[in-house]
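Reading through the structure tokens given below for one structure.
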Protein chains: 2
Amino acid sequence: MTNHLDSFFGAMSDPTRRAVIERLAGGPAPVSELHAPHDIALPTFLRHLKVLEAAGLVRSEKKGRVRTVHLEAAPLAEAEGWLQRQRQLWDGRLDRLDALVREMEAGTEGGSANDHT
Amino acid sequence: MTNHLDSFFGAMSDPTRRAVIERLAGGPAPVSELHAPHDIALPTFLRHLKVLEAAGLVRSEKKGRVRTVHLEAAPLAEAEGWLQRQRQLWDGRLDRLDALVREMEAGTEGGSANDHT
DNA sequence: AATACTATTAGCCACATTGCTAACCAAATG
DNA sequence: CATTTGGTTAGCAATGTGGCTAATAGTATT
């Protein structure tokens, strides 16, 4: 199936690439401008952009000799959703455990309690 | 500064590791149980767990000969927040652009409009 | 005490990633 | 039309990642 999340998280795991995303959240920009603040060779930087584009995080169009890059928000939302689901599941579980513990402490009269699974 | 997000996203970029997280969202589990559904050698799997632990995503305690692993929700929340901020920034920008376009279409009477920056 | 089970360490290989330089193409610009 | 500018391609080196097997350690279990 080769999940989207795979290439997405891979793309986000690099500080240079995250910095590009942060910059692009403020609006589209040409390659040269995106490259400027980073102290790496342009070809190297270009490959970072390609990784981002392959992950569907950005798109770019070339007009004349300038390529303009812009953010694609949908993948961010997707990953955000995934994280949220996992976290909420876990948080919810903790809440339920907590309730169980309180219930058990309240009275040992004979409550049938099922916790995990 | 060696951001948390670095190791976090790195850890999440592997399907095996994400599957472990998904499993752990349902509750803690011993190493062997976590390993079972994955068709890779145990030592290999163990290293995945180490990556997750190094990224602060899980913790584990060993009792007897069994190591029990559990999810740590805080990092998920942190990454979730980061993504949300970037996305909202971008979405907000789109909204503002949209508004601008509508404003410009409404009347070309002589409105002074500032968009980006 | 011997055996079986759970986890761990060590070491190896193949491939991916990230960095570089050098050379090059195509579109402005003088 | 020569030059500069913005981006791209090709190729190399160093390091990281993910997989394996073999061997070991430390509990249970019988």
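On a predicted model such as this, the values are computed, not experimentally measured, just so you know. Proteins come first, then strands; the chains are lettered A, B, ... in the order of their sequence lines, and each starts at number 1.
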Pairs touching residues 11-43 of chain A that satisfy ring-ring contact (aromatic ring centres under 6.0 Å, His included), sequence neighbours left out: A:His35-A:Phe45, A:His38-A:Phe45
Selection: residues 7-18 of chain B, any non-hydrogen atom under 4.0 Å of DNA chain D: B:Asp14, B:Arg17
Co-membership, hydrophobic cluster, residues B:Ile40 and B:Leu42, 4.5 Å side-chain: yes
Separation of atom CG in B:Asp6 from atom P in D:dT17, rounded to whole Å: 11 Å
Kindly list each side-chain donor-acceptor pair under 3.5 angstrom involving residues 67-78 of chain B, sequence neighbours excluded, with atom names and distances?
residue	atom	partner	partner atom	Å
B:Arg67	NH1	B:Ser60	OG	2.9
B:His70	NE2	B:Glu61	OE2	3.2

Non-hydrogen side-chain atoms of A:Leu46 and A:Leu49 separated by less than 4.5 Å: yes
Residue pairs passing the salt bridge (Lys or Arg N to Asp or Glu O under 4.0 Å) test where at least one lies in residues 34-57 of chain A, sequence neighbours excluded: none
For the student: nearest non-hydrogen atoms of B:Leu5 and B:Ala79, plus distance: CD2-CA, 4.0 Å
Nearest heavy atoms of B:Leu34 and B:Pro37, plus distance in Å: O-CD, 3.3 Å
Pairs flagged by salt bridge (Lys or Arg N to Asp or Glu O under 4.0 Å) wherever residues 80-90 of chain B is involved - sequence neighbours left out: A:Glu80-B:Arg87, A:Arg87-B:Glu80, B:Arg87-B:Asp91
Phosphate OP1/OP2 of D:dC20 contacted by B:Thr44 side-chain N/O (<4.0 Å): yes
A:Leu42 CG - D:dT9 P separation (whole Å): 12 Å
Non-hydrogen atoms of A:Gly26 and B:Arg93 that approach each other most closely: O-CD, 3.2 Å
Can you give the donor-acceptor pairs under 3.5 Å from side chains of residues 7-23 of chain A to other protein atoms, not counting sequence neighbours?
residue	atom	partner	partner atom	Å
A:Ser7	OG	A:His4	O	3.2
A:Ser13	OG	A:Gly10	O	2.8
A:Asp14	OD1	A:Thr16	N	2.8
A:Asp14	OD1	A:Arg17	N	3.1
A:Arg17	NE	A:Ala11	O	2.7
A:Arg17	NH1	A:His48	ND1	3.1
A:Arg17	NH2	A:Gly10	O	3.2
A:Arg18	NH1	A:Met12	O	2.8
A:Arg18	NH1	B:Asp6	OD1	3.3
A:Arg18	NH2	B:Asp6	OD1	2.9
A:Glu22	OE2	B:Trp82	NE1	3.0
A:Arg23	NH1	A:Gly27	O	3.0
A:Arg23	NH2	A:Glu33	OE2	2.6

For chain A, the stretch of DNA chain C it reaches, first to last nucleotide, under 4.0 Å of its heavy atoms: C:dT18 to C:dA28
Nucleotide D:dG19, atom C1' - distance to CG of B:Leu46 in whole Å: 14 Å
Positions of residues 47-65 of chain A (non-hydrogen atom under 4.0 Å from DNA chain C), listed by number: A:Arg47, A:His48, A:Gly64, A:Arg65
With sequence neighbours excluded, residues passing side chain to side chain contact (heavy atoms under 4.5 Å, CB included) with B:Ala54: none
Positions of residues 32-41 of chain A (non-hydrogen atom under 4.0 Å from DNA chain C), listed by number: A:Ile40, A:Ala41
